[in-house]
Amino acid sequence: MATVPVTNVGILFNRLLIPSIQPGRERFPCPIVWDVREDPLDSARPVLGRYLTPATLLDKVTEPALPSLSIRCDELPSWSCVVRNPRGITIKDLLSTIHGSLKQNISKGTFQAEFSKAAQRRIEEVHFARCQASTSPLAAQYQGLLWMDCLMNTTLFSGIVLGQGDDFATLVLSVPTYDQILASMRLMP
């Protein structure tokens with residue numbers, strides 16, 4: 001399936017996915033609080049609620065509904081993913097595809113070509129910490145470096161921005177602040 005060209009003309013994004021640029025909304029870059037390293041179906045939630053409801057997860061990402069959307073991320077120039085649903089991409093499709101794609105291995109060649117030696121050392125530290133925090137550290141270590149490790153600490157979902165004249169949308173991420181981490185913990189059941 002070909003990627004549907006996306007521009008700002010005639011495409012409206014679901015309000016839950018739009019980065020906030022309103023004064024007084026700096027605490028959360030968009031209405032969904034989600035660390036992209038975590039399964040979105042278990043951890044993503046709106047700022048003022050506990051979890052995204054099944055009905056909200058089935059809301060369409062765009063109006064009109066698009067059957068596919070290519071996503072890229074400025075923090076990971078070689079990474080991209082394509083979200084597909086012939087009936088129209090839902091929030092669940094989008095978040096699950098992003099998460100699943102970030103859980104994929106990065107090749108050694110791409111890792112070495114894309115990141116400086118200093119960044120590679122920091123990413124390897126993040127990878128080691130993820131493995132040690134895992135319920136199965138050896139299995140996590142054996143799995144190798146993942147794209148999500150390369151994000152280092154820039155892991156807070158901050159929204160999706162439609163491209164200007166190209167056929168990609170951009171995943172916007174930020175570094176969670178201490179207040180955001182505390183607020184998301186207070187929302188947990």
Before giving the answer on side-chain contact (heavy atoms from CB on, under 4.5 Å), spell out for Arg37 and Leu102 the whole-Å C-alpha distance, their side-chain angles and the decisive distance to 0.1 Å. CA-CA 8 Å; Arg37 297 170 299 181; Leu102 289 171; over 6 Å; no
Check whether any side-chain heavy atom of Phe157 sits under 4.5 Å from a side-chain heavy atom of Leu171, and report yes or no. yes
Report yes or no: does Asp149 contribute a side-chain atom to a donor-acceptor pair with the main-chain N or O of Leu146 at less than 3.5 Å? yes
Closest heavy-atom pair, Pro19 versus Ile160, reported as atoms and distance to 0.1 Å, is CD-O, 3.6 Å
Will you find, in the side chains of Glu75 and Thr154, an N or O donor that is under 3.5 Å from an N or O acceptor? no
Are Leu41 and Leu58 connected in a single hydrophobic cluster, I mean Ile/Leu/Val/Met/Phe/Trp/Tyr linked by side-chain heavy atoms less than 4.5 Å apart? no
For the backbone of Phe115 and the side chain of Gln120, can you confirm whether one donor and one acceptor N or O come within less than 3.5 Å of each other? yes
Ser174 and Ser158: side chain donor to acceptor below 3.5 Å: yes
Give the C-alpha distance, both sets of side-chain angles, the deciding distance and a yes or no for side-chain contact (heavy atoms from CB on, under 4.5 Å) between Thr56 and Leu16. CA-CA 10 Å; Thr56 302; Leu16 291 176; 3.5 Å; yes
Would Arg122 and Glu125 pass as an ion pair if we require N to O under 4.0 Å? yes
For Arg87 and Ala65, the nearest pair of non-hydrogen atoms, with its separation, is O-CB, 4.5 Å
Cut-off 3.5 Å, side chains only: do Trp147 and Ser101 have a donor facing an acceptor? no
Mark yes or no for whether Lys60, through its side chain, and Asn14, through its backbone, hold a donor-acceptor pair below 3.5 Å. no
Please confirm whether the backbone N or O of Pro67 pairs with a side-chain atom of Asn85, one donor and one acceptor, at under 3.5 Å? no
Side-chain donor-acceptor pair under 3.5 Å between Asp93 and Thr90, yes or no? yes
Of Ile89, Val83, Val82, the one forming a side chain to side chain contact (heavy atoms under 4.5 Å, CB included) with Thr97 is Val83
Taking Ser136 for its side chain and Leu138 for its backbone only, find out whether a donor-acceptor pair lies under 3.5 Å. no
Taking the side chain as every heavy atom from C-beta outward, state whether Ile71 and Leu94 have any pair of such atoms under 4.5 Å apart. yes
If I compare all heavy atoms of Gly144 with all of Arg130, which pair ends up nearest, and what's the gap? O-NH2, 3.3 Å
Mind checking whether Leu69 and Phe168 have side chains closer than 4.5 Å, heavy atoms only? no
Can you confirm whether Ser70 sits close enough to Ser80 that some side-chain heavy atom of one is under 4.5 Å from a side-chain heavy atom of the other? no
Side-chain donor/acceptor of Glu114 to backbone N/O of Ser78, under 3.5 Å: yes
Is any side-chain heavy atom of Phe111 closer than 4.5 Å to one of Leu145? yes
Measure the shortest side-chain to side-chain distance between Ile123 and Met152 over non-hydrogen atoms and say whether it is less than 4.5 angstrom. yes
Working note: His127 + Gln141, criterion side-chain contact (heavy atoms from CB on, under 4.5 Å); need CA distance, chi angles, decisive distance, verdict. CA-CA 8 Å; His127 171 247; Gln141 186 72 31; 3.7 Å; yes
Non-hydrogen side-chain atoms of Trp34 and Ile98 separated by less than 4.5 Å: yes
Enclosure of Lys92 NZ (heavy-atom neighbours >12, cutoff 6.0 Å): no
Leu173 vs Cys73, test: side-chain contact (heavy atoms from CB on, under 4.5 Å). Steps then yes/no. CA-CA 8 Å; Leu173 297 171; Cys73 179; 3.7 Å; yes
Do Asp59 side-chain atoms and Ile91 backbone N/O form a donor-acceptor pair below 3.5 Å? no
In one Ile/Leu/Val/Met/Phe/Trp/Tyr side-chain cluster, 4.5 Å: Val126, Phe128: no
